[in-house]
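Following: one structure in structure tokens, then a few remarks.
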4 protein chains.
Amino acid sequence: MSTETDAQVVPDERPRRGRPRDPDTEVKILGATRAILADSGMRALTVEAVAARAGVAKTTIYRRYRSRHDLALAVLVDMIRTVTAIPDLGDTRRELVQLLRGTLIVLGETLMGRVMQGLVTELASDPYLSRAFRDQVVTLRRGEVARVLERGVARGDLRPDADVALVHELLFGPVYYRLLLSGEPLEPVFADRVVDALLPGLRA
Amino acid sequence: MSTETDAQVVPDERPRRGRPRDPDTEVKILGATRAILADSGMRALTVEAVAARAGVAKTTIYRRYRSRHDLALAVLVDMIRTVTAIPDLGDTRRELVQLLRGTLIVLGETLMGRVMQGLVTELASDPYLSRAFRDQVVTLRRGEVARVLERGVARGDLRPDADVALVHELLFGPVYYRLLLSGEPLEPVFADRVVDALLPGLRA
Amino acid sequence: MSTETDAQVVPDERPRRGRPRDPDTEVKILGATRAILADSGMRALTVEAVAARAGVAKTTIYRRYRSRHDLALAVLVDMIRTVTAIPDLGDTRRELVQLLRGTLIVLGETLMGRVMQGLVTELASDPYLSRAFRDQVVTLRRGEVARVLERGVARGDLRPDADVALVHELLFGPVYYRLLLSGEPLEPVFADRVVDALLPGLRA
Amino acid sequence: MSTETDAQVVPDERPRRGRPRDPDTEVKILGATRAILADSGMRALTVEAVAARAGVAKTTIYRRYRSRHDLALAVLVDMIRTVTAIPDLGDTRRELVQLLRGTLIVLGETLMGRVMQGLVTELASDPYLSRAFRDQVVTLRRGEVARVLERGVARGDLRPDADVALVHELLFGPVYYRLLLSGEPLEPVFADRVVDALLPGLRA
DNA sequence: GACTAAGCGAGACGGTACGTCGCGTCTTAAA
DNA sequence: TTTAAGACGCGACGTACCGTCTCGCTTAGTC
């Protein structure tokens with residue numbers, strides 16, 4: 001999925017002249033990207049390699065993605081989106097834990113952890129990718145945290161003035177700190193530890 | 001400072017024949033590194049550029065540092081070490097805030113933030129650099145957190161069973177989340193927000 | 001003018017169904033070609049650039065010309081034809097000089113010199129362009145030399161057995177040698193020098 | 001042979017620091033160039049192909065030659081130099097014929113004709129190559145013509161005021177006109193035809 | 001006081017990948 | 001069927017740095 005077209009939620013309605021893009025091309029490119037990431041990780045993810053593996057010209061890739069990082073991000077975002085929606089479990093603590101645990105699992109037990117590591121420098125310093133990640137991942141998570149907190153407040157579990165943005169950072173920051181800097185393992189139980197440390201400050 | 005810590009800790013005692021290393025060379029290399037980082041950031045920090053700017057041969061650099069990242073880390077660690085030691089302020093909250101604020105300032109108001117961004121991918125994925133960063137930065141901070149918590153327990157402010165490692169992650173994780181992923185500003189007051197969110201869970 | 005001479009000679013009489021070719025398109029293409037040649041020379045004469053400048057699709061150009069070189073040749077031939085016909089001046093030497101001088105001026109003082117330089121490799125090695133140039137330029141000149149020599153013979157100035165083809169090569173060869181290889185200037189007086197060197201061998 | 005280093009006839013005496021160039025590399029590059037030219041001609045002569053065939057990095061080629069054309073020129077010049085020196089044959093006509101015939105043979109019967117065709121556009125329009133060709137080929141030939149004419153004058157065969165530069169152009173111009181534009185064959189007897197056409201104008 | 005051994009600047013070298021250019025072919029919709 | 005638009009595979013470009021490798025020279029201690 002291109003990180004470029006998604007930004008416009010309103011389906012692009014301009015008349016579109018010239019030969020239309022072959023939708024299969026997109027599939028081949030992302031497939032090759034995933035395959036290379038799985039086989040050999042970010043270091044091996046070069047535009048040249050993706051082109052070769054997808055049986056596609058380099059120019060065709062550059063027409064859709066600005067760089068190998070943009071390509072990896074498309075794959076990463078796709079994966080992360082799937083673990084973010086949390087149903088109403090009737091229990092605020094459990095909901096928070098589940099939200100965090102999903103991320104721990106994706107980053108700790110799939111290739112996405114390695115992808116994230118290989119991507120983070122660009123995510124931090126390239127404005128285009130930075131924006132894409134924020135719009136498609138950070139915002140998503142903050143929204144989910146907001147929903148969980150709202151339900152918690154409605155249940156009378158939580159203080160009504162809890163700061164969503166802050167809670168979101170306190171939840172996810174430690175996870176990334178482990179992934180990127182401390183090297184501590186991303187075990188699922190870490191979700192419980194973090195949530196339990198924060199809840200006292202959030203209780204009604 | 002070189003990240004080859006062993007060399008420092010046990011002052012190398014083997015007889016060392018041949019021409020000794022010119023101590024000035026080290027200075028020139030790190031000076032050029034800092035200059036390039038200040039002028040143009042991590043992207044421009046190439047071994048070739050450092051060699052040219054320092055008036056030094058590439059081989060001379062490779063004799064001391066494994067890569068441009070190792071070079072940058074040497075500069076980064078040097079800077080971070082200086083803000084970690086926290087004196088006894090008689091107030092646990094203030095001590096925690098000051099500890100975090102130092103990091104916020106170094107990362108938010110000096111070139112170290114950009115350096116960190118440029119380095120983090122390697123820090124996460126290169127075992128050598130990973131280890132160096134953990135030994136020289138993470139461990140240091142955890143130690144300082146431990147000292148602050150101990151004093152807090154001694155004062156009767158904090159629960160005696162507070163988990164140092166976890167607190168350390170909860171403090172610094174959100175800061176790096178901002179620096180690397182969310183793009184939120186590293187304003188000093190963020191230290192207060194984070195500390196205040198955690199303290200309820202730590203009180204005696 | 002298209003180099004597809006056949007199309008011109010026998011005015012195409014087949015019924016031609018579908019949308020007819022817009023005659024204006026031809027004009028736009030050649031206009032753009034000339035404009036690009038004048039502005040930036042052969043290096044910049046790409047099919048893509050011509051299409052863009054003419055506001056025409058690449059396919060439309062390929063339907064008429066095989067390549068950028070074919071396009072340039074069309075412009076070149078157009079220009080060269082205009083300077084070849086020499087009237088009877090009553091003086092053989094003057095006629096030869098004028099013939100040569102026309103070429104010197106076209107190649108030395110208009111953009112055609114640069115076009116010729118940019119074209120010559122293809123003219124020498126692409127059979128299609130090679131033939132086109134010979135049919136439309138070389139033959140033309142040889143014919144004009146033949147006419148001048150005939151008049152000279154009729155006047156009793158020249159030997160009746162003068163070799164037209166050879167004289168033609170001796171006249172034009174040095175001009176192209178200057179244009180293409182020696183870099184000497186194409187000054188009009190060069191025509192006199194060449195003619196005067198050859199006439200002793202041609203006199204009756 | 002590089003077209004770059006030869007210009008300075010005085011053997012380069014500056015101290016030459018750093019690792020010296022491997023002389024074998026030069027040999028490998030030119031060998032590969034010749035092989036490709038022989039096998040497939042100028043169209044196939046790409047820097048990439050030469051690098052592959054010579055087992056050498058592209059950068060190594062670019063360190064010595066500016067382009068594929070420079071490379072081809074080095075080979076061409078090498079070949080042309082060998083046929084230019086004309087011994088005293090005691091007969092001016094025979095000397096001129098032999099001089100021209102050498103060129104006809106090199107251009108007509110070896111791969112150099114094709115190389116010349118593929119090169120001439122660059123020779124005409126790239127100032128660097130233009131200069132190299134003039135310095136190493138045109139000048140050489142003009143010098144040889146001068147020597148032959150001098151001997152002719154000394155023998156009393158030729159007018160003492162014969163214009164060397166002009167004669168040189170009248171001799172070689174027609175040969176290149178055939179090679180590049182008219183497509184007439186470069187048969188050795190053409191040398192006689194040209195010389196015989198010029199001699200009447202040169203006789204004492 | 002010559003002999004090693006290492007440090008050092010310089011630059012050659014093989015290599016990987018980059019991002020771009022222009023080619024010539026194709027597929028669409030509109031005219 | 002022609003046209004404008006643009007997607008596409010392709011080949012090659014020239015460049016940037018990489019990390020390693022010779023060179024010649026310098027600067028020590030050691031024999």
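Per chain, numbering begins at 1; letters A, B, ... match sequence-line order. What you see is a predicted model, and the numbers here were worked out from it, not measured in a lab.
Pairing each heavy atom of C:F133 with each of C:L73, the nearest pair is CD1-CD1, 4.0 Å. For B:A38 against B:L111, the heavy-atom pair with the smallest separation is N-CD1, 3.6 Å. For A:S125 against B:R43, the heavy-atom pair with the smallest separation is OG-NH1, 4.2 Å. Among all heavy-atom pairs drawn from D:L76 and D:M116, the shortest one is CD2-SD, 3.7 Å. Of all heavy-atom pairs spanning C:R68 and C:L45, the tightest one is NH1-O, 2.7 Å. The two atoms that bring C:A57 and C:A51 nearest to each other are C-CB, 4.2 Å, heavy atoms only.
Interface remark: the B:K58 side chain does not form any donor-acceptor pair with the E:dG11 base, using a distance-only criterion of under 3.5 Å.
Remark: nothing in residues 35-51 of chain D comes within less than 4.0 Å of DNA chain E through any heavy atom.
The nearest whole Å value for the distance from the CD1 atom in B:I61 to the C1' atom in F:dC18 is 13 Å. Following rounding to the nearest Å, A:Y65 (OH) and E:dG19 (P) show an atom-to-atom distance of 16 Å. Summarising the geometry, the separation between CG on C:D70 and P on E:dG24 is reported as 11 Å, rounded to the nearest angstrom. In this structure, D:H69 atom NE2 and F:dG14 atom C1' are separated by 14 Å, rounded to whole Å. Taking atom CG on C:L71 and atom P on E:dG24, their separation rounds to 12 Å, with Å as the unit.
One finds no side-chain N or O of A:R63 lying less than 4.0 angstrom from the OP1 or OP2 phosphate oxygen of E:dG19. Within the structure, every side-chain polar atom (N or O) of B:R21 is placed at least 4.0 Å from both OP1 and OP2 of E:dA5. Contact between the side-chain N/O atoms of C:R66 and the OP1/OP2 oxygens of E:dC23 is not found at any separation under 4.0 Å. Side-chain nitrogen and oxygen atoms of B:S67 include none within less than 4.0 Å of the OP1 or OP2 phosphate oxygen of F:dG19.
Contacts of D:T59 with the nucleic acid, taken as non-hydrogen atoms under 4.0 Å apart, include base atoms.
Considering only side-chain atoms of B:T60, the nucleotide from E:dC8, E:dT25, F:dA4 that sits closest is E:dC8. Relative to the side chain of A:R64, the nucleotides E:dA10, F:dA7, F:dT3 differ in distance, and F:dA7 lies closest.
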Check against salt bridge (Lys or Arg N to Asp or Glu O under 4.0 Å), A:R21 and A:E26: CA-CA 9 Å; A:R21 289 190 176 175; A:E26 196 84 28; 5.3 Å; no
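The 5' end of DNA chain F is approached more closely, in terms of each residue's nearest nucleotide, by A:P23 than by the other of B:Y62 and A:P23.
Contact check on C:D39 versus C:R53 returns a salt bridge, with a Lys/Arg side-chain nitrogen under 4.0 Å from an Asp/Glu carboxylate oxygen.
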Can you give one letter per nucleotide of nucleotides 23-28 of chain F, going 5' to 3': B for a protein heavy atom under 4.0 Å from the base, S for sugar-phosphate only, - for none? B--BB-
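Of the options A:D78, A:L119, A:V75, a side-chain contact (heavy atoms from CB on, under 4.5 Å) to A:M112 is made by A:V75 and by none of the others.
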